[in-house]
2 protein chains.
Amino acid sequence: MATINDVAKLAGVSPTTAKRAINEPHKLQPQTLEKVQWAIQQLDYEPDLTAGALRRGRNLTVGLLVADIVEPFFAELAREIGVRLRNSNYGLLLADNEYQTEIELHNLRHLAGQRVSALIMRPSYGPGNREYLLKMQDKGTYIIEVDHHMPDSPFDYLMLDHEQCIRMGLEHLWKLGHTRIAGLGTHHPELYPEWRAHHFDRIMREHGHPVLSAYREIIRYNEQDAYEFTRYLLNLQERPTALFAFNGTEAIGAYRAIQEAGLSIPEDISLLAFDNLPWTALVKPGIDVIEQPIQQMGELLVHQVLKNMDGPRTPLHKLLPGKLIVRGSCGGPSGK
Amino acid sequence: MATINDVAKLAGVSPTTAKRAINEPHKLQPQTLEKVQWAIQQLDYEPDLTAGALRRGRNLTVGLLVADIVEPFFAELAREIGVRLRNSNYGLLLADNEYQTEIELHNLRHLAGQRVSALIMRPSYGPGNREYLLKMQDKGTYIIEVDHHMPDSPFDYLMLDHEQCIRMGLEHLWKLGHTRIAGLGTHHPELYPEWRAHHFDRIMREHGHPVLSAYREIIRYNEQDAYEFTRYLLNLQERPTALFAFNGTEAIGAYRAIQEAGLSIPEDISLLAFDNLPWTALVKPGIDVIEQPIQQMGELLVHQVLKNMDGPRTPLHKLLPGKLIVRGSCGGPSGK
DNA sequence: TTGTAGGCGTTATCAA
DNA sequence: TTGATAACGCCTACAA
């Protein structure tokens with residue numbers, strides 16, 4: 001495995017010069033440059049990134065900590081971030097937290113140990129790892145949160161404007177005449193401080209249609225929980241006339257429960273969901289969804305990260321608007 | 001940032017001893033051990049993985065190179081691998097190749113530079129990077145291929161038994177009476193040596209129903225190509241009576257094209273697909289699919305990788321059977 | 001424009 | 001059971 005020293009020796013120059021042929025070729029005399037390039041070719045030299053990482057205090061990698069890589073939103077985000085990092089010669093160190101603080105901490109330790117240049121993370125709920133993250137930041141790791149952000153969190157963030165999206169979705173339902181609307185999942189200030197659920201509750205209340213207490217339950221963002229909760233909702237005496245799924249995976253669970261109950265969309269019940277997943281356009285009628293600008297997120301994130309990981313920092317606290325796509329899964333409330 | 005030397009100093013021992021308290025605590029006297037542990041606590045010591053990586057020649061990370069992280073099969077595979085690596089204190093360095101050799105090479109260079117301990121990869125088509133991969137292997141990186149494998153590839157592999165799956169799928173269709181079956185995508189020995197397409201062609205031929213030349217076209221594994229190709233197929237005079245989608249994303253494109261053409265499944269055309277994605281159970285009728293044992297793949301892969309990345313190697317060339325799930329998207333061939 | 005030298009934190013080897 | 005020492009390959013002052 002050739003090192004820069006071998007290259008230098010073969011080219012008859014010092015290692016410093018040899019390295020410059022790669023990093024600042026314009027600072028070398030043409031003939032020197034050529035000699036070094038020749039030697040690099042000869043020896044098939046490729047830099048050892050681990051040595052650079054040790055010396056520099058950080059590796060050429062960005063940590064991406066998502067909640068669940070199987071959730072299409074995160075998979076797409078990972079791709080958008082990944083391709084852009086690749087274009088800047090950075091790698092992607094991927095980890096997940098399954099929305100759990102302890103798993104998150106384990107992964108943070110690893111990422112910190114690997115000296116990631118920056119960290120893009122979807123925080124788990126609760127302030128559990130705040131202290132650790134602050135330590136990482138003090139040591140120079142640039143940290144930015146995505147998708148979720150604790151109200152008092154000291155980090156940069158970039159995420160969907162959850163409030164605008166919830167309001168947009170509700171106005172869509174209100175116009176159709178719905179008032180008995182259930183959100184799939186309930187806000188809890190500490191345990192589960194989910195923004196979409198939070199705004200849902202608040203905006204419904206402010207609009208004069210507080211969410212029925214029978215509709216309020218804390219569930220996880222997964223298909224099974226959404227399925228079971230929907231079944232429960234459909235069996236209520238005061239059955240909701242519309243369901244609002246707070247992410248794509250929940251929508252699958254809800255849809256399945258509605259089908260199994262033998263109910264029709266939108267005649268018996270309306271369904272509105274976050275995330276424009278491919279299947280939502282395939283079923284009949286198509287599902288009304290709120291689409292996130294994932295590409296734009298990836299672009300802004302990578303730009304921000306590259307700009308801020310060394311040198312002075314420009315804070316970023318940004319909310320991006322979502323887009324409502326109407327396909328027919330929401331109609332007027334049923335007579336029941 | 002405390003180093004092991006700081007710990008050693010505080011504990012009044014040598015760095016060697018201090019490190020042993022972490023790696024081989026049983027080799028220390030209880031009191032020494034305690035002193036060191038105390039010092040570690042005091043200083044909040046966490047090892048610098050980049051230093052270890054430099055010294056050891058590899059980092060505590062496994063490279064995972066998939067074709068496309070948004071394809072649910074790869075996302076699930078990444079999760080299964082990720083959780084298991086985490087349990088062994090390894091990280092996951094993720095990259096993709098978009099099925100393209102040049103992108104793959106770029107990512108391989110990065111992964112090699114980062115000195116990944118092992119590499120799990122879904123190779124792009126063609127032998128383009130063979131030489132580079134062999135060099136990596138010579139330098140000690142354990143490499144195993146997943147999902148696809150060139151016939152003469154010298155690496156270990158673990159993948160679906162594509163042949164068994166194609167045969168199983170075709171037998172399902174044959175029993176229903178289909179002979180005009182089109183696979184979404186065609187095998188090309190060099191350009192696109194796709195196993196599923198290859199076996200599809202061969203098995204159809206051997207069964208006495210060679211695929212019509214009008215059905216043979218090379219397309220990429222993505223929704224748009226599958227959509228367009230399906231549209232083309234549906235407009236043929238000799239329209240196929242059944243479509244076989246070779247992965248989950250293709251199935252989406254095919255389904256969309258069938259819907260837009262105003263055709264009914266399975267009355268007008270049957271659809272069979274690889275990958276048991278959530279949506280295939282939601283549409284009516286549900287899609288008949290071939291499911292891959294992704295969890296088992298993750299388990300075997302991580303086990304193999306951890307066992308083989310240092311020390312002597314046990315070759316692995318394994319095919320796992322898929323499972324046919326029948327839901328109703330395949331019926332008898334239409335009269336047309 | 002080019003070169004020298006020291007150290008980043010760990011780990012492997014050898015010695016005590 | 002413990003310790004001293006020497007790299008691993010690169011990068012950054014600084015010097016020439």
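Note that these values count all heavy atoms, side chains included, but never hydrogens, waters or copies made by symmetry. Naming convention: chains lettered A, B, ... in sequence-line order (proteins, then strands); numbering from 1 in each chain.
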Trainee: Kindly write out the residues that satisfy ring-ring contact (aromatic ring centres under 6.0 Å, His included) with Y45(B), not counting sequence neighbours, or none if the list is empty.
Mentor: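 Here no residue qualifies.
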
Trainee: Can you list every salt bridge (charged side-chain N to carboxylate O under 4.0 Å, His left out) pair that touches residues 300-317 of chain B, not counting sequence neighbours?
Mentor: R58(B)-D310(B)

Trainee: From CG of N5(A) over to P of dA7(D), roughly how many Å is that when rounded to an integer?
Mentor: 14 Å

Trainee: Can you see whether H106(A) engages E102(A) through a side-chain donor-acceptor pair at a distance of less than 3.5 angstrom?
Mentor: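 Side-chain D/A pair, H106(A) to E102(A): absent.
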
Trainee: So, using ring-ring contact (aromatic ring centres under 6.0 Å, His included) as the criterion, who are the partners of H317(B) when residues are at least two apart?
Mentor: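 H317(B) satisfies ring-ring contact (aromatic ring centres under 6.0 Å, His included) with Y157(B) once adjacent residues are dropped.
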
Trainee: Which atom pairs, donor and acceptor, lie under 3.5 Å between side-chain atoms of residues 71-78 of chain A and protein residues at least two apart or in another chain?
Mentor:
unit_1: E71(A); atom_1: OE1; unit_2: N247(A); atom_2: ND2; d: 3.3
unit_1: E71(A); atom_1: OE1; unit_2: T249(A); atom_2: OG1; d: 2.4
unit_1: E71(A); atom_1: OE2; unit_2: T249(A); atom_2: OG1; d: 3.4

Trainee: Of the residues in residues 44-58 of chain A, which ones touch DNA chain C at a heavy-atom distance under 4.0 Å?
Mentor: L54(A), R55(A)

Trainee: Identify, residue by residue, the members of residues 6-28 of chain A with a heavy atom below 4.0 Å from DNA chain C, and return them in order of residue number, or none.
Mentor: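 Listed by number, they are V13(A), S14(A), T16(A), T17(A), R20(A), K27(A), L28(A).
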
Trainee: Which is the 5'-most and which the 3'-most nucleotide of DNA chain C that has an atom under 4.0 Å from a heavy atom of chain B?
Mentor: dG9(C) to dA12(C)

Trainee: Taking ring-ring contact (aromatic ring centres under 6.0 Å, His included) as the test, write out the residues that go with Y192(A), two or more places apart.
Mentor: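 So Y192(A) forms a ring-ring contact (aromatic ring centres under 6.0 Å, His included) with Y125(A).
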
Trainee: Would you mind reporting whether T141(A) and V116(A) have side-chain heavy atoms less than 4.5 Å apart?
Mentor: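 SC-SC contact between V116(A) and T141(A) confirmed.
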
Trainee: Check the distance between dG9(D)'s C1' and L43(A)'s CG and give it to me in whole angstrom.
Mentor: 15 Å

Trainee: Can a side-chain donor-acceptor contact be found between E299(A) and H303(A) if the only test is distance below 3.5 angstrom?
Mentor: no

Trainee: Taking distance alone, no hydrogens or angles, what donor-acceptor pairs closer than 3.5 Å link side-chain atoms of residues 25-42 of chain A to residues at least two apart or in another chain?
Mentor:
none

Trainee: What pairs meet the salt bridge (charged side-chain N to carboxylate O under 4.0 Å, His left out) rule with one or both residues in residues 8-18 of chain B, with sequence neighbours excluded?
Mentor: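 Listed by first then second residue: nothing to list.
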
Trainee: Look at the aromatic rings of W195(A) and H148(A) and report parallel, tilted or perpendicular, splitting at 30° and 60°.
Mentor: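 Judged by the thresholds at 30° and 60°, the geometry between W195(A) and H148(A) is tilted.
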
Trainee: For the helix from dT1(C)-dA16(D) to dA16(C)-dT1(D), figure out the bend between the end axes, five pairs an end, and round to 10 degrees.
Mentor: 30°

Trainee: What side-chain donor-acceptor pairs closer than 3.5 Å can you find for residues 88-95 of chain A, not counting sequence neighbours?
Mentor:
none

Trainee: Given side chains that start at C-beta, do those of E104(B) and L65(B) come closer than 4.5 Å, heavy atoms only?
Mentor: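 E104(B) vs L65(B): side chains touch.
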
